[in-house]
Amino acid sequence: MAEKDSDASFLGEELRRARLAAGISSQKDLAARLSFDRTVRTKAESGHRPPTSDVAEAYAREFPELNALVDNGLIERWAEYARRNGGVFPKFLHSWIDNEKTATGLFYWEPVIVPGILQIEAYGRAILAADPDSEETVDARVAGRLERQQILSRSRPPMVSVVLAEAVLHRCVGAAEVMHDQLVYLAEIGQQPRVTVQVIPATIGVHTGLTGAVAIADTEDGGTIVHEDGFTVGRTTAEPDIVAKARGRVTVLRSYALPREASLELIMKVAKERWSIS
């Protein structure tokens, strides 16, 4: 965000007004009442970062003039709206993330890097640190990426299928130790019953997946959402023609991929032979 988001700024001003109306003039005094880091509250009130629902709810509980708004969840919804229009994720990604959270099935094709949903923290940090355009801190964006992965810990997680190009296993992201740990994690999570990780071997030359990464979500209502990455911006769509074309290409990609067990064996082989530092 080159400038403060107007919704976040307006919400922040209301939080500040409530604090001052309660006679709390300094952030230090507020720190004695709310169990959130001072910088979190400062950024919330300044509009530089929309508050999380926990922070917004804490304000609503603490200050009488906001209490009337907490019973129906307005403050939390307002904070969520502000985050969606100026938070750690690019605006074009919000629709995808909303569907990813509640999807019954997810598919990811990646010819370049490990998809975010399966990245370990150090790998994700190295990727996000390379983005020169984001106004958010790397820590904030890493936290957002890790939060997305919580869908894998649901009581009944979605069926997740990932197809990678073998080149992903050989591309150094971060350092050798990071790559080793990332590939070991891929092999481990790929053994979970609801997660399938497959690799298209390097011996397969030109194929339809070289046009770029794609992610597909099967929604709770029986629909399908497709997210495609672009050089500067991505797009999320439920347009039937795009969905049909994406599913057709996925079928072709899977036909090129090694079976599940062979893929996991290849991942561990590369981890040990290329990235092991012992």
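Remark: H170 engages E166 in a side-chain hydrogen bond (donor to acceptor under 3.5 Å, both in side chains) (not counting sequence neighbours). Residues meeting the salt bridge (charged side-chain N to carboxylate O under 4.0 Å, His left out) test with E110, sequence neighbours left out: none. E239 pairs by the side-chain contact (heavy atoms from CB on, under 4.5 Å) definition with T237, D241, I242, not counting sequence neighbours. Take K269 and apply the salt bridge (charged side-chain N to carboxylate O under 4.0 Å, His left out) test, not counting sequence neighbours, and it matches E273. Considering only residues two or more places apart in sequence or on other chains, R154 meets the salt bridge (charged side-chain N to carboxylate O under 4.0 Å, His left out) condition with none of them.
The hydrophobic cluster containing I204 does not contain V168, counting ILVMFWY residues as joined when their side-chain heavy atoms lie under 4.5 angstrom apart, directly or transitively. Placement of I117 and L164 within a single hydrophobic cluster is found when ILVMFWY residues are connected by side-chain heavy-atom separations under 4.5 Å, directly or transitively. Linking ILVMFWY side-chain heavy atoms closer than 4.5 Å, directly or via other members, places V270 and V197 in a single hydrophobic cluster. Hydrophobic clustering of Ile, Leu, Val, Met, Phe, Trp and Tyr side chains at less than 4.5 Å, counting indirect connections, keeps L118 apart from I200. The hydrophobic clustering, which links ILVMFWY residues whose side-chain heavy atoms are closer than 4.5 Å, places I225 and V214 apart.
Side chain of W109 to main chain of L253: no donor-acceptor pair is present (N/O by atom type, distance under 3.5 Å, no hydrogens or angles). Between the R171 side chain and the V112 main chain, a donor and an acceptor come within less than 3.5 Å of each other. Distance alone, capped at 3.5 Å, is enough to place a donor-acceptor pair between the T251 side chain and the R247 backbone.
Distance check, rounded to the nearest 0.5 Å: CG of D218 to CG of L106 gives 8.0 Å. A distance of 9.0 Å separates CG of L264 from OG1 of T196, quoted to the nearest 0.5 Å. Rounding to the nearest 0.5 angstrom, the gap separating the CD1 atom in I113 from the CD1 atom in I127 is 4.0 Å. Note that the CG atom of L146 and the CZ atom of R125 stand 8.5 Å from one another [nearest 0.5 Å]. Separating the CG atom in L186 from the CD atom in Q119 is a distance of 9.5 Å, to the nearest 0.5 Å. Distance OG/S161 to CZ/R260: 9.5 Å, rounded to 0.5 Å.
Two residues are said to be in side-chain contact when any heavy atoms from C-beta on lie closer than 4.5 Å; V178 and W275 fail this criterion. Within the 4.5 Å cutoff, no side-chain heavy atoms of Q198 are placed close to those of V162. The closest side-chain heavy-atom distance from R145 to Y123 is not below 4.5 Å. At least one side-chain heavy atom of E220 sits under 4.5 Å from a side-chain heavy atom of T104. Side-chain contact check for Q150 versus K101: every heavy-atom pair is 4.5 Å or farther apart. For the pair V173 and V114, the minimum side-chain heavy-atom distance is 4.5 Å or more. Between R249 and V252, every side-chain heavy-atom pair lies at or beyond the 4.5 Å cut-off.
Between H207 and Y256, the two ring planes are tilted [angle within 30° to 60°].
Listed here is the closest heavy atom pair of V226 and A246: CG2-CB, 4.0 Å. Residues W96 and T236 share a closest heavy-atom pair of CB-OG1, 3.4 Å. Annotation for P111 and A167: closest pair O-CB, 4.5 Å, computed over non-hydrogen atoms. Residue A103 comes nearest to A217 through the heavy atom pair CB-CB, 4.1 Å, listed as atom of the first residue, atom of the second, then distance. Residue I267 comes nearest to L183 through the heavy atom pair CG2-O, 3.2 Å, listed as atom of the first residue, atom of the second, then distance. Residue A271 comes nearest to V184 through the heavy atom pair CB-CG2, 4.4 Å, listed as atom of the first residue, atom of the second, then distance.
Within the structure, side-chain hydrogen bond (donor to acceptor under 3.5 Å, both in side chains) pairs that include any residue of residues 176-195 do not occur (at least two apart or interchain).
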